[in-house]
Student: 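Here's a structure for you.
From a predicted model like this one, the values you see are computed outputs, not experimental measurements. The analysis underlying the following values was restricted to heavy atoms, covering all of them including side chains, and did not include hydrogens, waters or symmetry mates.
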Amino acid sequence: MLDGQRVPRPGASSAREVPAERRQQTRKQWDAALHSLCEASRLRAGIRIGQYVTAVSACGKARQWQWSLSLLGEMGGATLEPDVTFSYSAGVSACEKGEQWQRALALLGEMWELSLPPDVISYNTGISACEKGRQWQQALSLLSGMLQAKVEPDVISYSAGISACEKSSQWQHALSLLSAICSGNLEPNIVSYAAGISACGKCEQWQHALSLLGVMCATSVEPDVVCYNAGITSCEKGRQWRHALSLLGEMRAAKVEPSLSALMLGLARARRANNGSTHCCCSGRCWNFT
């Protein structure tokens, strides 16, 4: 694969949602890793396993999942045994970043075939790949597989699963995973709560959304603007304008700056309910809808 080939630049799809400075640095690392392999191949020098692992990881960070999988295949063809789970984990990560959930799952299966049991990082990356692909069943299957393999899920594992359920409007499963975090002697983080609240909001389960916000306020996890926005959205969908305005007041008390969308949702709902004007001051700003 590497003999005589010119290393291409990452395409436009690789640059999606990546800051320019970080993108440039990633591209340099990707180029350097592949050029190192090309040079070793040209000189007929022995390619070390570390070079392959570095290249697979660099390709993954550059969202070049095709190159990562190709390099993993070449490692086997060169009779180089992959560096236990790290090289495969890097390949799974490349597929996750490239939104290739099927290929990520295929790599996890291949790890078992090679007697290289995935670790918690590999599983978490696979769950995240399923979340991006809106494959909530597959995400839950991986979580179940972790327990069967005696790999203890961490908060990141559960949070990725909750996010997968949220994207597919599976609020019951999202709440079940939140409960599993607590029963597993873990503490839900703000990502876990935000995804759970959003899942409830999408399905007009405003009572559950407000309950989760209440639980957050009673713990050391303080709601941020994302959590409050999700709660306000759930109240808007459930036509609970008083609760929506109450949340705006809580944001002010907590010194959390509300987003414009949150204000529009809460106040527009109140205006329609009152058939008149609605006035609100929050964080030093005032709005009057007439």
Student: May I ask you to test the V120-P153 pair for a side-chain heavy-atom distance under 4.5 Å?
Tutor: no
Student: Can N189 and V221 be said to form a side chain to side chain contact (heavy atoms under 4.5 Å, CB included), step by step?
Tutor: CA-CA 7 Å; N189 58 24; V221 183; 5.9 Å; no
Student: With a 4.5 Å cut-off on side-chain heavy-atom distances among I, L, V, M, F, W and Y, is there a chain of contacts connecting I181 to L147?
Tutor: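 No, I181 and L147 fall in different hydrophobic clusters.
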Student: Closer than 3.5 angstrom, by distance alone: can the side chain of R134 be matched with the main-chain N or O of K167 as a donor-acceptor pair?
Tutor: yes
Student: When rounded to the nearest 0.5 angstrom, what distance separates CD in E236 from CZ in R239?
Tutor: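 Rounded to the nearest 0.5 Å, the CD-CZ separation comes out at 8.0 Å.
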Student: Output the distance between atom SG (C217) and atom CG (L212), rounded to the nearest 0.5 Å.
Tutor: 11.0 Å
Student: For C227 and A194, which heavy atoms make the closest approach, and how far apart are they?
Tutor: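 Minimum heavy-atom separation between C227 and A194: SG-CB, 3.7 Å.
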Student: For G231, is there any backbone N or O sitting under 3.5 Å from a side-chain donor or acceptor partner on S234?
Tutor: yes
Student: Just by modelled atom types, is the S159 backbone N or O under 3.5 Å from a matching donor or acceptor in the S163 side chain?
Tutor: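 Yes; judged by distance alone, with no hydrogens or angles, the pair exists.
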Student: Any donor-acceptor pair under 3.5 Å linking the side chain of S168 with the backbone of C165?
Tutor: no
Student: Shared ILVMFWY cluster between M111 and I121, side chains joined below 4.5 angstrom?
Tutor: yes
Student: Could you tell me the separation between the CD atom of E187 and the OG atom of S192, rounded to the nearest 0.5 Å?
Tutor: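 Atom-to-atom, E187:CD and S192:OG are 10.0 Å apart.
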Student: Working to the nearest 0.5 angstrom, can you tell me the gap between L178 CG and Y158 OH?
Tutor: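 Those atoms lie 11.0 Å apart.
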Student: Are any side-chain N or O atoms of S183 and backbone N or O atoms of A180, one a donor and one an acceptor, separated by less than 3.5 Å?
Tutor: yes
Student: Quick check: do I232 and C235 have side-chain heavy atoms less than 4.5 Å from each other?
Tutor: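 Of all side-chain heavy-atom pairs linking C235 with I232, none is under 4.5 Å.
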Student: Looking at every heavy atom in both S89 and D119, which two are closest together, and how far apart are they?
Tutor: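 Answer, listing the atom of S89 first, then D119: OG-OD1, 4.0 Å.
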Student: How long is the gap from OG on S157 to CD on E152, to the nearest 0.5 Å?
Tutor: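 It is 9.0 Å, given to the nearest 0.5 Å.
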Student: When rounded to the nearest 0.5 angstrom, what distance separates OG in S122 from CE in M146?
Tutor: 9.5 Å
Student: Check whether any side-chain heavy atom of L105 sits under 4.5 Å from a side-chain heavy atom of L108, and report yes or no.
Tutor: yes
Student: I'd like to check L142 versus N124 (side-chain heavy atoms, cut-off strictly below 4.5 Å). Are they in contact?
Tutor: no
Student: Counting only N and O atoms by type, is there a donor-acceptor contact under 3.5 Å from the side chain of S211 to the main-chain atoms of Q207?
Tutor: no
Student: Is the shortest heavy-atom distance from the side chain of W101 to the side chain of K132 under 4.5 Å?
Tutor: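 Side chain of W101 against side chain of K132, heavy atoms only: no contact under 4.5 Å found.
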Student: Do I197 and L210 come close enough that some side-chain heavy atom pair is under 4.5 Å?
Tutor: no
Student: For L107 and C95, which heavy atoms make the closest approach, and how far apart are they?
Tutor: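 It is CD1-SG, 4.2 Å.
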Student: If every non-hydrogen atom of G238 is compared with every non-hydrogen atom of W206, which pair is closest and at what distance?
Tutor: CA-CD1, 4.0 Å
Student: Shortest non-hydrogen contact from S128 to E96?
Tutor: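 Of all heavy-atom pairs spanning S128 and E96, the closest is OG-OE2, 3.0 Å.
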Student: I'd like to know if the side chain of K97 pairs up with that of S93 as donor and acceptor (distance under 3.5 Å, no hydrogens or angles considered).
Tutor: yes
Student: State, to 0.1 Å, how close Q138 and C130 come at their nearest heavy-atom pair, and which atoms those are.
Tutor: CB-SG, 3.6 Å
Student: Does L177 reach the side chain of L140, with side-chain heavy atoms less than 4.5 Å apart?
Tutor: yes
Student: Determine whether W112 and P118 make a side-chain contact, defined as any pair of heavy atoms from C-beta on separated by less than 4.5 Å.
Tutor: yes
Student: Using the salt bridge (charged side-chain N to carboxylate O under 4.0 Å, His left out) rule, collect all pairs that involve residues 199-223, keeping only residues at least two apart or in two chains.
Tutor: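 For residues 199-223: E166-K202.
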Student: Same cluster or not: I156 versus V226, using hydrophobic residues (I, L, V, M, F, W, Y) connected whenever any side-chain heavy atoms lie under 4.5 Å apart?
Tutor: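 No: no chain of side-chain contacts under 4.5 Å links I156 to V226.
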